[in-house]
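Data block below; observations after.
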Amino acid sequence: MRFLVTLALLGSLIAGAWAQQESSDSKKAKPAPAKSQEKEKDKEKKAKPEEEEKSEAKADTLKPGTGDKEEYDMAEIAPVVTQHQITLDGKALKYTATTGRLPIKRGDGKIEAEMFFVAYTLDGQDAAKRPLTFAFNGGPGSATIWLHMGALGPKHVALTPEGFLTPAPYRIEDNASTLLDKSDVVFIDAIGTGFSRAANAETSKKFWGVKGDIDSFSEFIRLYLSRYERWSSPLFLFGESYGTTRAAGIAGHLAEQGISFNGITLLSIALSFQTLEDNKSNDLPFPLLVPTYTMIAGYHHKLPADLAQDMEKARKESEQWASGEYSQALAKGDAMTPEERNRVIANMARYTGLSKDVIDQANLRINVAKFTHYLLIDQKLRTGRLDGRFTGPDPDGLLDTPFFDPTDAAILPPYNSVFNNYVRTELGYKTDMPYYVFAQQSGFDQWDWGSGIQGFPDTATALRQAIVKNPYLKVLVMEGHYDLATPYYAADYTMDHLDLAPKFRQNISFATYDAGHMVYLPADGLKKMKKDQAGFMEKALGQ
């Protein structure tokens, strides 16, 4: 399984120096300056003496095969609380930022991990009426830097209007489309990403899987509601990519514990992996990719003139062909006649912009790696996976680069640089520990996906359970037309197969964007996303 890098995404060895948090007996943690304190035990388990103000970074890698065992101090330190103001639509918004970590404990009270978060709360509001949104990215193995600094937070990374890379040094600016005027927002980093860490490498494994991940986020939400006295607030979830897998699971899990949400936003969804991961016995993802291939080919002027002149019509025509003739052809397999096969090859070339020879050699099954490699091969360029609008030459050469996503190369440096400066200078969270945009050990291939007997990973079932248990729950699906990581047609297929009665199905709405996986990268996409989310929340709250 290699598909959600978003943000996605990945890893090698975890560890690191830890920014700690100090526990508070009250439900609200008291503000205090953040300190980065660390303990490291040697093989004889003799503790090294700590300096009063320790901020030095320890070696941030584990040492397999040496017998060394690195342990991280799980003592709490109170979050850092700072005051800020931005101007939105000519109106001053004064807000409080709370930056720190909350503990994830065992039943006996021992802290096993600490999860980093940044919470933005609008000043002067009644907490009982003020909406509260928990937001997170996915991967699995991605920090929530993308939604935080690209979409929902009060500040965001400055890019070109199209969402493309600008020259370094990178800048931060006020986010005119922040969600803060509509909802308080808590951004949470998964364990092993950002500044979130477990006590040691062995304990980390407990959280690096579908179930453990859902459990840790659910516990974080419960604890946040308790410590900050937000049990009476209207509650929302906002997940992106694998974050939608998580959001659906959280909704189902917390419904069983008596915690309900008013609304869930699923951006670039990945709930049913059968729609996303092909293998020799699963052809379903191939037809669901074709409409996105059509949109990307049109963007790069690779479609026939009759399709290119009306992309909305071309998209719908592509959907009909993919669900009809193409799906039927794949179902026939080797039983296709030569005439049927040639007709499918010709039509597929028409809707994808690829050559007939490439389609023939791929046995009619074009996966993402093949499409991104061959669409612009005449220009020696590869198109993006997370966002098909992006292009770039292969780093190791046209025929020697196994896979490359130009989108990653364009967005990682500005987001990483801007956030590392922002969290220290504006939010006042001082630490030498590295912020892991992508986990160092808990990537897609290392993830515990559960029992293979049950088939492909799936949290669509958990979402259905949450929906039918709460007839007031609203769900918004956001999807980008240029997204090859979680194709929009696969999202539609998943939501159309939840087995919901009409009265529940009417609680699901859709928003589409001329963008990729991160629909908020283009300036127009960000504005539309804010408008769509604001309207969705008003509907969910019955306003």
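- Note that OH of Tyr488 is 9.0 Å distant from OG1 of Thr512, once rounded to the nearest 0.5 Å.
- Heavy-atom neighbours of Lys531 NZ from other residues, nucleotides or ligands within 6.0 Å: at or below the threshold of 12.
- Look at Lys105 and Glu112 and you find no salt bridge, because none of the NZ, NE, NH1 or NH2 atoms lies under 4.0 Å from a carboxylate O.
- Using the six-membered ring where Trp is involved, Phe419 and Phe195 have ring planes that are tilted, between 30° and 60° apart.
- In summary, the side chains of Thr96 and Asp123 do present a donor paired with an acceptor at a separation below 3.5 Å, with no hydrogens or angles considered.
- If you take NZ on Lys206 and CD1 on Ile191, they are separated by 9.0 Å, rounding to the nearest 0.5 Å.
- The residue from Leu179, Thr144, Leu526 that alone fulfils the side chain to side chain contact (heavy atoms under 4.5 Å, CB included) condition with Leu152 is Leu179.
- With respect to the salt-bridge test (charged N to carboxylate O, under 4.0 angstrom), the residues Lys110 and Asp108 do not qualify.
- Separating the CG atom in Asn420 from the OH atom in Tyr435 is a distance of 8.5 Å, to the nearest 0.5 Å.
- No side-chain heavy atom of Asp387 sits less than 4.5 Å from a side-chain heavy atom of Asp483.
- The local environment of OH in Tyr472 is sparse, with at most 12 non-hydrogen atoms from other residues, nucleotides or ligands closer than 6.0 Å.
- With 3.5 Å as the limit, one finds a donor-acceptor pair spanning the side chains of Arg382 and Thr372.
- The aromatic rings of Tyr224 and Phe117 lie perpendicular to each other, with more than 60° between the two planes, well past the 30° mark.
- Between the side chain of Thr193 and the backbone N or O of Ala190 there is at least one donor-acceptor pair closer than 3.5 Å.
- A salt bridge is absent between Lys527 and Asp532: the closest approach of a Lys/Arg side-chain nitrogen to an acidic carboxylate oxygen does not fall below 4.0 angstrom.
- Rounding to the nearest 0.5 Å places OH of Tyr242 at 5.0 Å from CG of Asp213.
- The aromatic rings of Phe390 and Phe164 sit perpendicular, their planes meeting at an angle over 60°, well past the 30° parallel limit.
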